[in-house]
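For reference, the structure discussed in these notes is given below.
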Amino acid sequence: MTDQLLIDHSDAVLTITMNRPEKKNALSREMYAGMAEAIRAAQDDSSLRAVIIQGSEECFTSGNDISDFVNVAPGGKGSPVYDFLKTICNADKPLIAAVNGPAVGIGTTMLLHCDMVYVADDAMLTMPFVNLGLCPEAASSFLLPRLIGHLRAAEMLLLGQAITGQRAADMGLANYAFGTGADVMDAARTAALRIAELPPGSVRLTKQLIKQGVRETACEIMDKEGEHFASLLQGPEAREALSAFLEKRKPTYPVA
Ligand code: COA
């Protein structure tokens with residue numbers, strides 16, 4: 001298990017903390033693998049009743065590690081990111097997210113698979129896929145419009161428009177927004193502890209019923225998005241956008 005993740009089992013709750021502060025918790029292949037493994041293990045562990053995914057009080061995650069985007073094609077079937085996304089899509093124990101600071105790319109799309117999402121007022125949620133020459137992933141092209149409506153989803157996905165945690169809560173992308181990072185973490189823990197006291201069979205069945213139909217479609221759409229994403233990642237627009245980020249310069253695109 002990588003030291004870029006902290007895994008805690010206590011009080012019947014599995015807490016996964018992304019812990020790579022020097023890269024704003026950018027997700028490496030090892031982190032995806034570790035998160036997927038921990039969540040899958042929790043499914044079979046009757047002593048665990050809920051899963052919290054969090055970053056620090058300053059930063060949730062800056063999304064996929066951009067160096068990995070450039071150096072290793074991360075999206076194909078069998079890859080750690082694919083495995084992680086399938087795992088959260090199919091998880092049958094409640095997933096709860098605590099989001100502070102930036103939640104970029106998969107940092108926002110993973111929230112669409114969570115059952116409860118708590119955010120800081122000033123968290124910044126953004127999915128700059130088009131800005132990077134890429135396309136939506138994690139079934140966000142299906143789940144996001146379903147959750148917040150086409151027009152708002154189009155602003156976020158087509159323009160890459162960032163929204164605050166407060167706006168995310170207003171739009172139904174998060175349950176509640178709080179003034180401080182500590183309050184966000186507390187809200188997630190309180191919800192997890194409440195779940196831990198409830199009858200587990202009933203919790204499990206209720207989650208299955210809420211996700212009925214949606215989960216299967218989301219998994220299918222995730223596969224289609226993944227094929228486009230992998231192909232775009234090799235294209236000139238994405239190569240330029242990603243290199244520009246790493247070289248700390250503005251991208252320039254050839255005339256289409
Ligand atoms: N992958 C790899 N490295 C990343 C990263 C990512 N997704 N996000 C940030 N980093 C690195 C930066 O390159 C920088 O590294 P350096 O100190 O070696 O120069 C370090 O993390 C700190 O990032 P910085 O941009 O200086 O922090 P910030 O507080 O000014 O901004 C973000 C934070 C998250 C808004 C900004 O880093 C960002 O936009 N990151 C890219 C997000 C992205 O496009 N992700 C992919 C989505 S599909």
Side-chain angles (χ1 to χ4, degrees), residues 2-5 17-35 53-76 79-82 84-85 88 97-113 119-141 143-144 153 155-165 167-168 173 181 222 225-235 237-251 253:
T2 169
D3 60 4
Q4 296 168 353
L5 284 181
T17 305
M18 296 173 281
N19 181 41
R20 197 186 176 199
E22 71 287 1
K23 293 289 174 193
K24 302 283 169 183
N25 293 335
L27 291 162
S28 63
R29 293 165 64 82
E30 293 73 25
M31 289 164 80
Y32 287 125
M35 291 198 290
I53 303 176
Q54 61 185 24
S56 65
E57 290 184 15
E58 288 74 41
C59 180
F60 188 60
T61 169
S62 59
N64 200 90
D65 187 310
I66 289 192
S67 311
D68 282 354
F69 267 156
V70 170
N71 300 319
V72 209
S79 67
V81 62
Y82 181 85
F84 168 68
L85 289 174
I88 56 174
V99 181
N100 295 302
V104 187
I106 196 166
T108 292
T109 59
M110 75 167 83
L111 306 179
L112 303 171
H113 298 276
V119 291
D121 288 334
D122 61 354
M124 197 53 72
L125 285 71
T126 175
M127 292 168 286
F129 301 118
V130 167
N131 315 58
L132 292 172
L134 298 168
C135 68
E137 38 88 288
S140 54
S141 61
L143 294 172
L144 191 69
E155 270 188 338
M156 291 193 79
L157 288 173
L158 282 174
L159 299 180
Q161 183 166 299
I163 58 166
T164 61
R167 174 123 172 94
L173 196 46
M222 210 181 271
E225 290 173 342
E227 285 170 23
H228 290 297
F229 196 99
S231 147
L232 286 174
L233 201 49
Q234 305 306 321
E237 293 176 351
R239 305 311 281 180
E240 168 58 11
L242 298 167
S243 303
F245 174 80
L246 292 175
E247 291 159 17
K248 300 187 190 298
R249 61 174 173 81
K250 270 178 89 79
Y253 299 106

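Worth knowing before you read on, the calculation uses all heavy atoms, side chains too, and leaves out hydrogens, waters and symmetry mates. Note that ligands are numbered from 1 as they come in the structure, with each ligand's atoms numbered from 1 the same way.
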- request: May I ask you to identify, for Val104, whether its side chain, its backbone, both or neither come under 4.0 Å of ligand 1 on a heavy-atom basis?
  value: side chain
message: Heavy-atom pairs closer than 4.0 Å: do any link ligand 1 to the side chain of Asn64, the backbone, both, or neither?
response: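 For Asn64, only backbone atoms sit under 4.0 Å from ligand 1.
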statement: Ranked by distance from atom 15 (O) of ligand 1, the top protein heavy atom is Lys23 NZ, 3.3 Å
query: In ligand 1, which numbered atoms sit nearer than 4.0 Å to a non-hydrogen atom of Asp65?
result: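 Once the distances to Asp65 are compared, the set is 1 (N), 2 (C).
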message: Suppose I only count heavy atoms of Phe129 and a 4.0 Å limit; which atoms of ligand 1 are within that range?
response: 48 (S)
Out of [options], whose heavy atom sits nearest [atom]?
| atom | options | value |
| --- | --- | --- |
| atom 12 (C) of ligand 1 | Phe229, Phe69, Phe245 | Phe245 |
| atom 33 (C) of ligand 1 | Met124, Lys248, Lys24 | Lys24 |
| atom 48 (S) of ligand 1 | Asn131, Asp68, Leu132, Thr109 | Leu132 |
| atom 45 (N) of ligand 1 | Gly63, Ser62, Ala238 | Ser62 |
| atom 2 (C) of ligand 1 | Leu242, Ile66, Leu27 | Ile66 |

query: With a 4.0 Å cut-off on heavy atoms, is Glu22 touching ligand 1?
result: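 Distance cut 4.0 Å: Glu22 passes for ligand 1.
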task: Taking atom 30 (O) of ligand 1 as the reference point, report whether a protein heavy atom occurs under 4.0 Å from it.
output: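 Flag for atom 30 (O) of ligand 1 set to false, no protein heavy atom closer than 4.0 Å.
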message: Under 4.0 Å from atom 36 (C) of ligand 1, is there at least one protein heavy atom?
response: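 So atom 36 (C) of ligand 1 lacks protein heavy-atom neighbours under 4.0 Å.
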